[in-house]
Novice: 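There's a structure below that I have some questions on.
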2 protein chains.
Amino acid sequence: MDQPSRSAGTVRPGGRTARVRAAVLEATQDELVERGFHGLTMDQVAARAGVGKTTVYRRWGGTPGLVADLMNELANQSSPHADTGGIEGDLLANAQSVLDAITDGRLGATFQAVIAAATADEQAAAALRTFYLRRIEEWAKAVDLAVERGELPRGTDGGEVIRAISAPLYYRLVVTREPVTREDAERSVARALAAARAGAFVAAEPAPAPRARPRAHKAVRAHPERQG
Amino acid sequence: MDQPSRSAGTVRPGGRTARVRAAVLEATQDELVERGFHGLTMDQVAARAGVGKTTVYRRWGGTPGLVADLMNELANQSSPHADTGGIEGDLLANAQSVLDAITDGRLGATFQAVIAAATADEQAAAALRTFYLRRIEEWAKAVDLAVERGELPRGTDGGEVIRAISAPLYYRLVVTREPVTREDAERSVARALAAARAGAFVAAEPAPAPRARPRAHKAVRAHPERQG
DNA sequence: AGACTACCGAAACGTTTGTCCCATTAATGG
DNA sequence: CCATTAATGGGACAAACGTTTCGGTAGTCT
């Protein structure tokens, strides 16, 4: 939200500023791995980065600002969706990357920290939301391709399929706080795929004819013959 | 973990102690509604409850302890699973109760606070885990009944179905931080149900014969002929 | 009713956290 | 290479936080 990465107008993005930012973000990540978000202190980060405490407060405001900036940094490094040629392979790749983001030591600590920070700070929440909406949008393309290949019903909402795969993993991470395993990821894919094939991810109401809307109260069913 | 509700051995659960606890927990909830977990301070809670700051520190230790105790209190008030006669109605009731727990002002603030607290404190995490595992276990019965009625494939994992319904809602709440609506809840039920009917929630490997294990890599399929 | 004692509460205390001031450093532009 | 000035860094400062002490209040038991 501020000017951590690149400032407006007539400032100097030159060497020192960038160097300080890199050192601070790296120190932040180290601290997150060792102590988690609640154990993150501005003082400690400044000391570890070898910069003045004042500087860290001035540029990031507080620990939520630090993790938010870190998240924005990760957002710039996000990779494109997989394209294995089949929808199951793509979705498994997606689930695997979610699993990494959760369980991998350094990366996992960062993501969990941002989730924690987002519960307390709107800036961190915005960074989190932006990151995931962008990520969902990217991976939704894989689903769209599968629809075009005829692997999934026409009209399937790609973004929702991607969410459906991530959701159970985050549920275990944040709500029930159980360990999240590779098997969980595979099951998640299998289930989302089963629902998608059954047409449960086809948008309910395109509403072109506003006449006697079909209140689907029993279950949502696929209509593959509808021309998208 | 301490002795908030009822102490061990030769203590006095008498009037005053219970009165103090009630006042403190209510003040805690009020503060959570107004300021959220990160704005919760022991000082403020004590003042609002009209009790001494020392007392709150002594009995609850810190703000995570407060929300953990609050969660334990809610756990005691949890209601049994719905039984509408059909699995879809039951699952919709479940989704609705999750939705309430998330969006309802007072209740929602409490649950979100516990989720936030759990990211920082093991005591709060334990309270959260216990609450949800118990809740899942309770609602899984509704799925089991549906299996017995023949509405779902034999061997369907009830707990996993219940998780699958809650997961997308919490995902929106905690990760993408989008508003969670009634439509989200209904969609969640429809999708979980579609996957369940397709047999995607049938346990993959009962593994009685450890010979040449069937690596199900294509998709998980139902085996309704297995004798439970 | 009276003694016992578990529990509570007000205030003082040391520690941690965040802010401010001002001298110093080092990019930038000529 | 030098002047300019954005940005940094150390240290002093105020506020918030959590802990400790000790006197007071009110259940509990006989």
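Here is how names work: the chains are called A, B, and so on, in the same order as the sequence lines, proteins then strands, and each is numbered from 1. Keep in mind the model is a prediction, meaning the values are calculated, not measured.
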Novice: Round to a whole Å and report the spacing from CZ of A/R19 to P of C/dT25.
Specialist: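 Interatomic distance, CZ of A/R19 to P of C/dT25: 15 Å.
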Novice: When rounded to the nearest 0.5 angstrom, what is the spacing between CD in A/Q29 and CZ in A/R106?
Specialist: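 These two atoms lie 4.0 Å from each other.
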Novice: Any salt bridge between B/D184 and B/R187, counting N to O under 4.0 Å?
Specialist: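 Salt bridge present between B/D184 and B/R187.
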Novice: For nucleotides 8-19 of chain D, read 5' to 3', which letter fits each nucleotide if B means a protein heavy atom sits under 4.0 Å from the base, S means only the sugar-phosphate is that close, and - means neither?
Specialist: BBBB-----SBB
Novice: Only one of A/I136, A/V143, A/I162 forms a side chain to side chain contact (heavy atoms under 4.5 Å, CB included) with A/N94, so which one is it?
Specialist: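 The residue from A/I136, A/V143, A/I162 that satisfies side chain to side chain contact (heavy atoms under 4.5 Å, CB included) with A/N94 turns out to be A/I162.
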Novice: Looking at residues at least two apart in the chain, or sitting in another chain, which of them share a side chain to side chain contact (heavy atoms under 4.5 Å, CB included) with A/A93?
Specialist: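 Partners of A/A93 by the side chain to side chain contact (heavy atoms under 4.5 Å, CB included) criterion, ordered by chain and then number, come out as A/A82, A/W139.
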Novice: Look at the rings of B/Y171 and A/Y170 and say which category their plane angle falls in: under 30° parallel, 30 to 60° tilted, over 60° perpendicular.
Specialist: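 The arrangement is tilted - the two ring planes meet at 30° to 60°.
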